[in-house]
Amino acid sequence: MLDGIPGKDALCAVNGEDDWRLLRRLDVPEGETGVGGRVDTVIGVVVDCETSGLGGDDVIIELALRRFRADPNGVIVKIDRHYSWLEDPGQDLAEDIVRLTGITDADVAGKSIDDEAAVRLLRSADFVCAHNAQFDRGHIERRLPGAAGLAWTCSCSDIDWRGSGYDGRSLGWLLAQAGYFHGAHRAGDDVDAVIALLRQDLPSGRTALAEMLETARRPTWRFRAVGAAFELRNQLRMRGYRWDGEGDPKCWWRDVPDERRAEEEWWLAGQVYSVSARPKALGPTVERITWRERYAPASP
DNA sequence: CCTAGGTTACGGACTAAGGC
DNA sequence: GCCTTAGTCCGTAACCTAGG
């Protein structure tokens, strides 16, 4: 694997062959990848936002996206060009944001996202992907209402990286373990990092993209324990339920994966809606959550 | 700095086992 | 039978991790 790399022999003479590791600069060229099939393709778009901070009032200062086409086995067969925009937040950038991203006030001055182009590109794909989709989906739907309600996947949590032999889930560290380095924390570079990760073959024999799509396409179920007796609040909280005091009616709610749906119905019937539990309603409500609802801002 | 979720750590209560 | 100790279990709090 290292044959032909300049200086390899000299390095091996000083250090053992196994005592060091090379990382390749990430390069994701546009066009056909030369691998994978040709029929029944699916289109994905990877997005990344750089923002003015992590708080609720912070806004997008850079948006990048890049579409790709994949075959039914989750092998990426073609990669589109980059698109990215800077946007002026209307106030000075915090020092740590400038340090983290390298984006300065001068860089964003007077710039703005091309709403129409960004929304058109996002809507042209079958699904959107981001590393920590909860973060990016919230910012994108707030900034681009026309892109609300799309199908979302998360390269951070819809793939079992740990179970596949990777340590940690941060983008740069996953990429390094895949053998690459990149210019982190610029939206375009981070988008390419995600594409490179999605192309990885995992120990399962499938690509990371294939695993991510399988997880994301599977519905989850939102249980609302409407009318649960007040005294059961601790048991509900312990089981992962959260209180929604804004909804109507106010209730405890929880999302459950498809394979645990029956188990949850059984638990609710026995613990919350049995006669002895004195429920104030006949039963819970169950709502199907697909990748169109998942990771959306403002939970229930 | 924020948000959500998942894991770890710990105090308190309880149980099983050993010494007398 | 009684007391102490070690191990177990449970609920809760604290911590950790992704994202800028």
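For clarity, every value in this text was computed on a predicted model and none was experimentally measured. Chain letters run A, B, ... following the sequence lines, proteins first, then strands; residues in each count from 1.
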- Query: NA contact type, A:Asp48, heavy-atom cut-off 4.0 Å: base, sugar-phosphate, or nothing?
  - Reply: sugar-phosphate
- When the distance from CG of A:Asn132 to C1' of B:dG6 is rounded to whole Å, what number comes out? 14 Å
- Whole-Å distance between C:dT17 P and A:Trp173 CH2? 13 Å
- Message: So if I take every side-chain heavy atom of A:Cys156 and compare against B:dA4, C:dG20, C:dA18, which nucleotide ends up nearest?
- Response: C:dA18
- Task: Determine: side-chain N/O of A:His139 to OP1/OP2 of C:dG20, distance under 4.0 Å, yes or no.
- Result: no
N/O donor to acceptor pairs below 3.5 angstrom from side-chain atoms of residues 110-119 of chain A, sequence neighbours left out:
unit_1   : atom_1 : unit_2   : atom_2 : d
A:Lys111 : NZ     : A:Asp107 : O      : 2.8
A:Asp114 : OD1    : A:Glu116 : N      : 3.3
A:Asp114 : OD1    : A:Ala117 : N      : 3.1
A:Asp115 : OD1    : A:Arg143 : NH1    : 3.4
A:Asp115 : OD1    : A:Arg143 : NH2    : 2.9
A:Asp115 : OD2    : A:Arg143 : NH1    : 3.0
A:Glu116 : OE2    : A:Arg120 : NE     : 3.3

- Query: In whole angstrom, what separates A:Asp158's CG from B:dG6's P?
  - Reply: 12 Å
- Query: Atom OH of A:Tyr241 to atom P of B:dA4: distance rounded to whole Å?
  - Reply: 18 Å
- Query: Crowded around A:Glu95 CD? As in, over 12 foreign heavy atoms under 6.0 Å?
  - Reply: no
- Which pair of non-hydrogen atoms, one from A:Arg66 and one from A:Val191, has the smallest distance, and what is that distance? CB-CG1, 3.6 Å
- Task: Give A:Leu171 one of three labels, base, sugar-phosphate or nothing, depending on what nucleic acid heavy atoms sit under 4.0 Å from its own.
- Result: sugar-phosphate
- Item | Between P of B:dT3 and CG of A:Leu54, the distance in whole Å | 10 Å
- Among pairs that include at least one residue of residues 201-215 of chain A, which meet salt bridge (charged side-chain N to carboxylate O under 4.0 Å, His left out), considering only residues two or more places apart or in two chains? A:Arg206-A:Glu211, A:Arg206-A:Glu214, A:Glu214-A:Arg218
- Taking atom C1' of B:dT3 as reference, at what distance in whole Å does atom CZ of A:Phe135 sit? 11 Å
- Value in whole Å for how far the P atom of B:dA4 lies from CZ of A:Arg222: 12 Å
- Task: Check the distance between C:dA18's P and A:Arg169's CZ and give it to me in whole angstrom.
- Result: 5 Å
- Item | Partner of A:His131 by side-chain contact (heavy atoms from CB on, under 4.5 Å), out of A:Val47, A:Asp190, A:Leu174, A:Asp48 | A:Leu174
- Please work out if A:Asp190 contacts a base, only the sugar-phosphate, or nothing of the nucleic acid, heavy-atom cut-off 4.0 Å. sugar-phosphate
- Would you indicate what A:Ser157 reaches in the nucleic acid, counting non-hydrogen atoms under 4.0 angstrom: base, sugar-phosphate, or nothing? nothing
